[in-house]
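Data block below; observations after.
Just so we're clear, the structure is a prediction, and the values are computed from it rather than from any experiment.
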Amino acid sequence: MTTGNSNNPSKVKLNIKPDCGNAPKRELVKRLSCYFASNDIEKAMEFLDTHITWTLVGNKTINGKEHFRTALQEMRQNKVRELTIHSIITHGKEAAINGEMLLEDGSVFGFSDFYEFTSAKGTRVKTIVSYLIEKN
């Protein structure tokens, strides 16, 4: 695993295996995960469809870009110290990522996010389904 990847757009320590660098949707999912982890909300907003739907499984569903922004702002107190990405898989209009987040308070969460883009080109995110579990 590579630590502190130079392509990391955030201030969060990033652990990820190197790749060929020729997968634009994979790179976008990685960047979005870093933006979310580092609370860089405005950069993340650039890649979201106006009518985005974000389902936090077992919790709630958020509809629309402005509600998405508000939800991220409410989560700012959960500061991520380290983001580990185990895998990112893309195919057609879809992508999936799984990994772990170490928060500043020492808690660790495992996560999986499933993305659907507005088109196969993969420049705007239409839906995200997120699974999050605290690890003991």
Side-chain angles (χ1 to χ4, degrees):
M1 258 190 204
T2 303
T3 303
N5 186 326
S6 62
N7 292 327
N8 181 1
S10 73
K11 296 170 183 69
V12 172
K13 181 178 178 184
L14 175 63
N15 301 313
I16 187 171
K17 297 178 211 171
D19 65 21
C20 66
N22 192 20
K25 282 183 284 202
R26 185 180 190 287
E27 182 63 26
L28 177 55
V29 169
K30 179 179 79 173
R31 292 177 76 78
L32 281 170
S33 295
C34 290
Y35 294 148
F36 295 146
S38 65
N39 293 307
D40 198 341
I41 296 168
E42 293 313 310
K43 285 188 180 174
M45 291 293 113
E46 296 174 23
F47 301 99
L48 305 180
D49 185 68
T50 303
H51 305 290
I52 187 163
T53 299
W54 183 19
T55 301
L56 302 160
V57 175
N59 190 356
K60 61 185 170 183
T61 298
I62 297 159
N63 294 299
K65 198 170 182 176
E66 289 311 310
H67 289 124
F68 191 102
R69 180 192 314 271
T70 300
L72 288 178
Q73 289 169 338
E74 290 171 357
M75 295 177 188
R76 281 189 161 174
Q77 72 277 5
N78 302 322
K79 300 210 182 290
V80 177
R81 182 183 336 156
E82 189 170 330
L83 175 66
T84 300
I85 297 174
H86 296 303
S87 63
I88 302 173
I89 300 168
T90 64
H91 182 75
K93 291 174 39 173
E94 299 177 321
I97 182 171
N98 78 307
E100 296 179 7
M101 294 180 290
L102 170 63
L103 302 186
E104 286 186 352
D105 68 4
S107 57
V108 178
F109 288 85
F111 72 92
S112 290
D113 293 328
F114 297 84
Y115 289 79
E116 181 182 357
F117 297 95
T118 56
S119 70
K121 189 173 180 182
T123 58
R124 294 258 182 250
V125 178
K126 178 180 174 181
T127 65
I128 303 173
V129 176
S130 297
Y131 294 83
L132 184 69
I133 188 165
E134 187 167 9
K135 299 177 82 176
N136 296 329

Taking the side chain as every heavy atom from C-beta outward, state whether [X] and [Y] have any atom pair closer than 4.5 Å.
{"X": "L72", "Y": "Y35", "answer": "no"}
{"X": "I97", "Y": "I85", "answer": "yes"}
{"X": "M101", "Y": "V12", "answer": "no"}
{"X": "K126", "Y": "H51", "answer": "no"}

Determine, using the 4.5 Å side-chain heavy-atom cutoff (strictly less than), whether [X] and [Y] are members of one ILVMFWY cluster.
{"X": "F36", "Y": "I41", "value": "yes"}
{"X": "L132", "Y": "V129", "value": "no"}
{"X": "M75", "Y": "V125", "value": "yes"}

So, applying side chain to side chain contact (heavy atoms under 4.5 Å, CB included) with H67, which one of T61, I62, I52 is it?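 Among T61, I62, I52, the one that satisfies the side chain to side chain contact (heavy atoms under 4.5 Å, CB included) with H67 is I62.
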Quick one: pull up [atom1] in [X] and [atom2] in [Y] and give me the separation to the nearest 0.5 Å.
{"X": "T55", "Y": "K60", "atom1": "OG1", "atom2": "NZ", "answer": "12.0 Å"}
{"X": "F68", "Y": "N63", "atom1": "CZ", "atom2": "CG", "answer": "11.5 Å"}
{"X": "L83", "Y": "I16", "atom1": "CG", "atom2": "CD1", "answer": "8.0 Å"}
{"X": "F111", "Y": "T84", "atom1": "CZ", "atom2": "OG1", "answer": "8.5 Å"}
{"X": "N39", "Y": "Q73", "atom1": "CG", "atom2": "CD", "answer": "9.5 Å"}

Between the side chain of K65 and the main-chain N/O of M45, is any donor-acceptor distance below 3.5 Å?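 Pair found, side chain donor or acceptor close to backbone of M45.
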Closest heavy-atom contact between [X] and [Y]?
{"X": "C34", "Y": "L14", "answer": "SG-CD2, 3.9 Å"}
{"X": "T90", "Y": "R26", "answer": "CG2-N, 3.7 Å"}
{"X": "V108", "Y": "E100", "answer": "CG1-OE1, 4.1 Å"}
{"X": "S107", "Y": "D105", "answer": "OG-OD1, 2.6 Å"}
{"X": "E104", "Y": "R81", "answer": "O-NH2, 3.2 Å"}

Pairs of donor and acceptor atoms involving the side chains of residues 112-122, under 3.5 Å and at least two apart or interchain, shall be tabulated with distances.
| from | atom 1 | to | atom 2 | distance (Å) |
| --- | --- | --- | --- | --- |
| D113 | OD1 | S130 | OG | 2.7 |
| S119 | OG | K121 | N | 3.3 |

More than 12 heavy atoms of other residues, nucleotides or ligands under 6.0 Å from CG of L56: is that the case?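 More than 12 heavy atoms, drawn from other residues, nucleotides or ligands, come within 6.0 Å of this atom.
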Side-chain H-bond candidate by donor/acceptor type, S38 with D40, under 3.5 Å: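 Note: S38 and D40 side chains miss the donor-acceptor criterion.
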Could you list the residues that satisfy side chain to side chain donor-acceptor pair (under 3.5 Å) with E82, not counting sequence neighbours?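 Applying side chain to side chain donor-acceptor pair (under 3.5 Å) to E82 gives N15.
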